[in-house]
Amino acid sequence: MIRHTVAFRLKHPRGSAEERAFLEAGTALGSIPGVEKFERLNQVSPKNDFHFGYSMEFADQKAYDGYNDHPVHVAYVRDRWIPEVEAFLEIDYTPLA
């Protein structure tokens, strides 16, 4: 299992229509084959300056690779993520044995 997570901050003002539109568009990622347990998250810790997060799981590397190459993901990164995300931290986890 691979848990893919990303914490991020948008270029848009907090609470703006643009922010809501970005987060709503992100729900499409959860419909990609192989994506399990997709979540959009509100980051609440005062220990960093990210505002949101996405989390999802994949059964294996093949499912994760399929997600990365899927046209919905590629378009989201190209059309939304790159132009609208100010900063992010991506972490992918596998369970410890």
Set of salt bridge (Lys or Arg N to Asp or Glu O under 4.0 Å) partners for Lys11, sequence neighbours left out: none
Hits for salt bridge (Lys or Arg N to Asp or Glu O under 4.0 Å) against Arg80, two or more places apart or cross-chain, chain-then-number order -> Glu84
For the student: nearest non-hydrogen atoms of [X] and [Y], plus distance:
X: Gln43; Y: Phe50; result: NE2-O, 2.9 Å
X: Ile2; Y: Thr94; result: CG1-CG2, 4.0 Å
X: Leu10; Y: Val85; result: CD2-CG2, 3.9 Å
X: Leu41; Y: Ser55; result: CD1-CB, 3.9 Å
X: Ser31; Y: Ala28; result: OG-O, 2.7 Å

Going from [atom1] on [X] to [atom2] on [Y], what distance comes out if it is rounded to the nearest 0.5 angstrom?
X: Phe38; Y: Leu29; atom1: CZ; atom2: CG; answer: 5.0 Å
X: Glu86; Y: Asp49; atom1: CD; atom2: CG; answer: 8.5 Å
X: His4; Y: Met56; atom1: NE2; atom2: CE; answer: 5.0 Å
X: Thr27; Y: Glu39; atom1: OG1; atom2: CD; answer: 14.0 Å

For atom CZ of Arg3, decide whether the heavy atoms of other residues, nucleotides or ligands shown that lie under 6.0 angstrom number more than 12. no
side-chain contact (heavy atoms from CB on, under 4.5 Å) between Trp81 and Val6: does it pass, once the steps are laid out? CA-CA 12 Å; Trp81 190 267; Val6 61; 3.7 Å; yes
Output every pair passing salt bridge (Lys or Arg N to Asp or Glu O under 4.0 Å) with a member in residues 25-35, not counting sequence neighbours, ordered by first then second residue. none
Tell me whether the rings of Tyr54 and Phe22 are parallel (<30°), tilted (30 to 60°) or perpendicular (>60°). parallel
Hey, what's the ring geometry for Tyr67 with His73, parallel, tilted or perpendicular (30° and 60° as the breaks)? tilted
So do the side chains of His12 and Arg20 get within less than 4.5 Å of each other, counting heavy atoms only? no
Quick one: does Val77's side chain get under 4.5 Å of Ile82's, heavy atoms only? yes
Check whether Arg40 reaches the backbone of Gly26 with its side chain - one donor and one acceptor, N or O, closer than 3.5 Å. no
